[in-house]
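All remarks here apply to the structure that follows.
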Amino acid sequence: MSRKQSGAPRWLGTLWQYLVFFLLIAFVVTCCMLLFLEILQANMEMPLTQEMIETAARLTFGNVVLISFLCTVIDSARRWFLVTRPVQRIADAAEKIMRGDFSVRIRPVLTMGGQDGFNTIIHAFNRMAEELSGIETLRTDFISNVSHELKTPLAIIQNYGTMLQQPGLAEEQRREYARTITDASRRLADLITNILKLNKLENQQIYPEKEAFDLGEQLCECLLGFEDIWEEKNIELCTDIAEDVIVKSDRSLLSLVWNNLFSNALKFTAAGGRVSVSLRADGALAVVQISDTGCGISPDVGAHIFEKFYQGDTSHAAQGNGLGLALVKRVMDIVDGGISVSSEVGRGSIFTVTVRSAENGAG
């Protein structure tokens, strides 16, 4: 029914187009014919009879009808190939995008006279579809990973909570089960906190609150927060922090970076290992390096290490949720800093963070 309704305006448009061509060509041909007859009569002194005029009029009318028809057909074909069909392709692809099919792509169209407007639109549309497809994949993976990460601690809490209800449970077992529930609850709380932080950082336009502060002092303050961990694992902590390295950046956002990087370094370093932290000024930048003697990462893992929920070392999956480095990367993008990693399997990793100094941080 919709096609019949849309067909009537199309025929009316074609008829109107024909009438326009007819009137235009009739006017032009009539003027030319009258001028030709006047010149013919004047130069050849040939009298024009009514029969001759009627014959010329009939021929002129026939030519006008034929030429108008040919122009209408040619113009309709031109519009179909150069306008209607490309527009229909774009409309059909947009309809598929609205239905959730992000795999749709539009083929380029043939152009005439160097006019490439539709292909410009098609190229932009295809790029948009690719970006939406990537976002949809990330969204699906994100939901899948969140569901998995939530199920694990919830299952632990449920199982050990049931075990705690057993009658005659020994005090030592009761404490162990309660400690396991507490650890799982803490992991669940950390996961939810990191998800909320990452969601806020990714989906809101955040303007960092820049202030000048001593980066070395902040690094030391953050390190002291992990004192219990490195003492418990007997990790050797080496620091080479230059004094009076002043940066102008967002203090609270950078503290997220240091806390996550220190936590990862201590987590992946075995007992008796070594973690090193250095700070130096390099021209307009403050350079922080955090290295460890942990398990290290392969180049394949390093290429994805800043992605959400990516965990290269699954043996430590219970200690994290794969969001820490994604948070770090997003924060460094916000504060206009940089982060990179170099690592070797079995020998540890080095994370290098660059922050603009106070003299170059304004802007």
Side-chain angles (χ1 to χ4, degrees), residues 149 183 186-187 190-191 193-194 197-198 215-243 245 247 253-282 285-333 335 337-355:
E149 293 292 337
D183 292 341
R186 186 179 297 111
R187 180 186 174 193
D190 291 341
L191 171 63
T193 299
N194 282 338
K197 287 179 180 178
L198 188 58
L215 184 57
E217 290 183 1
Q218 186 185 49
L219 288 171
C220 292
E221 291 174 0
C222 292
L223 269 175
L224 289 175
F226 297 90
E227 184 176 4
D228 293 341
I229 298 178
W230 81 62
E231 287 184 351
E232 179 183 351
K233 297 180 68 174
N234 193 27
I235 293 176
E236 179 185 359
L237 184 65
C238 303
T239 58
D240 182 16
I241 298 177
E243 297 181 355
V245 178
V247 297
L253 288 178
L254 282 182
S255 67
L256 282 175
V257 174
W258 314 133
N259 286 331
N260 276 286
L261 292 180
F262 293 156
S263 175
N264 280 349
L266 294 169
K267 178 177 69 175
F268 289 105
T269 300
R274 183 175 69 256
V275 172
S276 302
V277 181
S278 68
L279 168 65
R280 58 184 173 85
D282 185 7
L285 299 175
V287 181
V288 179
Q289 284 192 328
I290 301 171
S291 60
D292 60 68
T293 57
C295 57
I297 55 177
S298 64
D300 293 338
V301 173
H304 303 280
I305 200 169
F306 294 108
E307 297 177 5
K308 293 190 292 288
F309 291 105
Y310 190 85
Q311 293 179 321
D313 183 8
T314 55
S315 64
H316 292 81
Q319 303 179 34
N321 47 55
L323 288 175
L325 290 178
L327 276 170
V328 169
K329 182 64 170 67
R330 179 58 181 150
V331 168
M332 296 314 300
D333 291 340
V335 301
I339 182 170
S340 61
V341 58
S342 61
S343 183
E344 186 176 345
V345 176
R347 302 193 62 178
S349 305
I350 302 175
F351 285 85
T352 302
V353 179
T354 56
V355 185

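Quick caveat: nothing in here was measured; it's all calculated off a predicted structure. Residues take their numbers from the sequence shown, with the count starting at 1.
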Please report the interatomic distance [atom1]([X]) to [atom2]([Y]), rounded to the nearest 0.5 Å.
X    : Y    : atom1 : atom2 : value
K329 : N260 : NZ    : CG    : 14.5 Å
E344 : I350 : CD    : CD1   : 10.0 Å
L266 : E227 : CG    : CD    : 11.5 Å
I229 : T269 : CD1   : OG1   : 11.5 Å

Exercise for review: For E231, look at atom CD and say whether over 12 heavy atoms of other residues, nucleotides or ligands are found less than 6.0 Å away.
Suggested key: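 It does: E231 CD has more than 12 such atoms within range.
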Point to revise | Expected output: side-chain S291 to main-chain S349 donor-acceptor under 3.5 Å | key: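 Not at all, since once roles are kept as given, no pair shorter than 3.5 Å links the two residues.
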**Study point:** side-chain hydrogen bond (donor to acceptor under 3.5 Å, both in side chains) against E221, all qualifying residues, sequence neighbours excluded
**Key:**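 None.
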To check you understand the geometry: which heavy-atom pair defines the closest contact between [X] and [Y], and what is its length?
X    : Y    : answer
I235 : A270 : CG1-O, 4.1 Å
A265 : I290 : CB-CG2, 4.1 Å
W258 : V353 : CH2-CG1, 3.8 Å
K267 : K233 : O-NZ, 3.5 Å
A286 : L215 : CB-CD2, 4.0 Å

Check your understanding: Can you list the residues that meet the salt bridge (Lys or Arg N to Asp or Glu O under 4.0 Å) rule with R280, with sequence neighbours excluded?
Key -> D282
Just to verify, what does [X] make a side-chain contact (heavy atoms from CB on, under 4.5 Å) with, not counting sequence neighbours?
X    : answer
S278 : D240, Q289
L237 : L223, W230, T239, V275
T354 : L285, V287
E236 : C238, R274

I'd like to check [X] versus [Y] (side-chain heavy atoms, cut-off strictly below 4.5 Å). Are they in contact?
X    : Y    : answer
M332 : L254 : yes
F351 : N264 : no
I241 : V288 : no

